[in-house]
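Here the structure is laid out as structure tokens; the discussion comes afterwards.
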Amino acid sequence: MSNPSLLILPGDGIGPEVMAQVRRIIDWFGDKRDLKIDVSEDLVGGAAYDAHGTPLHDDTMAKAQEVDAVLLGAVGGPKYDVLDFSVKPERGLLRLRKEMDLYANLRPAQCFDALADFSSLKRDVVAGLDIMIVRELTSGIYFGEPRGIFEEGNERVGINTQRYTESEIERVARSAFELARRRGNKVCSMEKANVMESGILWREVVQKVHDEEYADVELSHMYADAGAMQLCRWPKQFDVIVTDNLFGDLLSDAAAMLTGSLGMLPSASLGAPMANGRPKAMYEPVHGSAPDIAGQGKANPIACILSFAMALRYSFDQGAEADRLEAAVAKVLEDGVRTADLLGEEGVEPVSTEGMGDAVLAALDASL
Ligand code: IPM
Ligand code: MG
């Protein structure tokens, strides 16, 4: 069998710095675990705009469609704020999601024991937290038509459209139920069925998929605003949360903070299976490009490293090696290794981005 292929798109800001550490880890798996991956690299976001005048070159898009998985760093930065909306760095990311049809965005929020005190919530509320947000990623208000800024009488009106078809809801619901079966067997679906027709349909369809195909999974429904409140009140009541594109964007940032630092959280965006049986897939940290600390060697590479662990699990059928990498990260945190985003403990000196990479590699070596 040929090696799995991975397209790396480091992007902007801290993207290239954190990705450099992931490349060392990919090399480690090649050398020490004989897990060879064909890695290629290209531009996305502002970096692509600087080189080609577009946040995603067509050739890069075509490459992304061919590989087994894409690993993306981050996009955006203040330098690009002045650009026209159509060529902003984010458009590159959204194009990848849409054209690869990556409809199921898995955003785990896991609180490492060693970091429970970093959360702004009390330790007992977050310690041991392990929830999975499944965010619909290719439809809803992010992509619905009509959209735009139009003239209406003597003023302008800004329009975006929330739109979901039954099949779009069905497929992401199935992803959530499938995941739940491999975890705590519970799904909570969130929408605003009290004010939005798209929410009424969402609720009906999720219930129907449940009743017809996944009656063994426990299903509940919550209005998304109440869900946000419950996430802060007692997040451990949840196992899998399934929700639309915009609510998922908001709820996953809130869930991320439960774990202490946005610098810790990976994500996987999955689509339909390709001819080789692997799902279309892109992996990316939940954090952004953090322009304020870019280029200073301060960024925490763990979210990106854990995104690669998700690629090992969901794209490369290497669950045991994913476990190994996640355990190495947990070990490093238990040992008190901290990047600057994780400070606050008495007498702890931060390590650099590369220092965190060194520590994870040492923990991987120790795992052999
Ligand atoms: C995310 C980000 C993106 C989104 C931006 C960068 C377009 O916030 O992945 O959560 O809104 O989806
Ligand atoms: Mg977001």
Side-chain angles (χ1 to χ4, degrees), residues 9-16 18-19 43-49 54-56 61 64 70-81 83-109 131-144 147 158 160-164 168 172 190 224 227-228 231 241-259 261-271 280-292 294 299 303-304 306-307 310-311:
L9 303 173
D12 308 321
I14 60 170
V18 296
M19 200 61 86
L43 302 172
V44 71
Y49 180 82
T54 163
L56 188 74
M61 186 67 242
V70 176
L71 181 64
L72 186 137
V75 296
K79 177 178 162 198
Y80 306 105
D81 285 350
L83 293 183
D84 184 72
F85 186 74
S86 63
V87 289
K88 280 219 196 301
E90 291 77 7
R91 303 313 303 171
L93 174 60
L94 293 169
R95 181 175 177 203
L96 282 161
R97 290 174 178 173
K98 187 70 179 172
E99 291 192 22
M100 292 172 76
D101 201 16
L102 305 171
Y103 58 88
N105 182 214
L106 280 44
R107 298 192 160 186
I131 62 182
M132 176 74 87
I133 296 186
V134 180
R135 166 188 177 192
E136 198 292 325
L137 200 62
T138 51
S139 184
I141 203 161
Y142 271 57
F143 297 99
R147 65 182 299 165
N160 289 92
T161 302
Q162 168 82 335
R163 179 180 190 279
Y164 272 108
E168 285 169 342
V172 73
M190 296 188 187
L231 260 180
I241 292 173
V242 63
T243 189
D244 76 14
N245 204 342
L246 182 60
F247 293 142
D249 183 43
L250 306 179
L251 293 169
S252 63
D253 264 28
M257 267 335 275
L258 302 175
T259 70
S261 169
L262 207 48
M264 302 292 305
L265 291 198
S267 79
S269 306
L270 306 178
K280 279 257 179 220
M282 177 161 75
Y283 300 85
E284 51 178 311
V286 172
H287 64 67
S289 59
D292 51 322
C304 202
L306 291 176
S307 297
M310 290 187 91

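One is the number of the first residue; the rest follow in order along the sequence. One-based numbering, in listed order, for ligands and for the atoms of each. Heavy-atom basis, side chains included; hydrogens, waters and symmetry copies ignored. Values in this document were obtained by computation on a predicted structure and should not be read as measured data.
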**OP:** Measure from the Mg ion (ligand 2) to each N, O or S atom of Asp253 and report whether any distance is below 2.8 Å.
**Re:** no

Among all protein non-hydrogen atoms, which one is nearest to [atom], and what is the separation to 0.1 Å?
atom                    : answer
atom 11 (O) of ligand 1 : Tyr142 OH, 2.5 Å
atom 2 (C) of ligand 1  : Asp249 OD1, 4.0 Å
atom 6 (C) of ligand 1  : Glu90 CG, 3.8 Å

Original post:
Do other residues, nucleotides or ligands put more than 12 heavy atoms under 6.0 Å from Arg147 CZ?
Top reply: yes

**OP:** Select the closest option to atom 12 (O) of ligand 1 among Glu284, Arg91, Arg97, His287, judged by heavy-atom distance.
**Re:** Arg97

**OP:** Just do the side chain to side chain contact (heavy atoms under 4.5 Å, CB included) check on Asp12 and Lys79 with the steps written out, would you?
**Re:** CA-CA 11 Å; Asp12 308 321; Lys79 177 178 162 198; over 6 Å; no

**OP:** Test Arg91 against Phe85 for side chain to side chain contact (heavy atoms under 4.5 Å, CB included), laying out the working first.
**Re:** CA-CA 8 Å; Arg91 303 313 303 171; Phe85 186 74; 3.4 Å; yes

Original post:
Under 3.5 Å, is there a donor-acceptor pair linking the side chains of Tyr142 and Asp249?
Top reply: yes

Original post:
Checking side chain to side chain contact (heavy atoms under 4.5 Å, CB included) for the pair Glu284/Leu9: CA distance, chi angles, key distance, verdict?
Top reply: CA-CA 10 Å; Glu284 51 178 311; Leu9 303 173; over 6 Å; no

Original post:
Measuring from the heavy atoms of Arg135, does anything fall under 4.0 Å of ligand 1?
Top reply: yes

**OP:** Have a look at Asp249 and say which of its N, O or S atoms is nearest the Mg ion (ligand 2).
**Re:** OD1

**OP:** Could you say whether the N/O atoms of Arg107 and ligand 1 ever approach to under 3.5 Å?
**Re:** yes

**OP:** Apply the test side chain to side chain contact (heavy atoms under 4.5 Å, CB included) to residues Cys304 and Met19: give CA-CA distance (whole Å), side-chain angles for both, the deciding distance (0.1 Å), then the verdict.
**Re:** CA-CA 7 Å; Cys304 202; Met19 200 61 86; 3.8 Å; yes

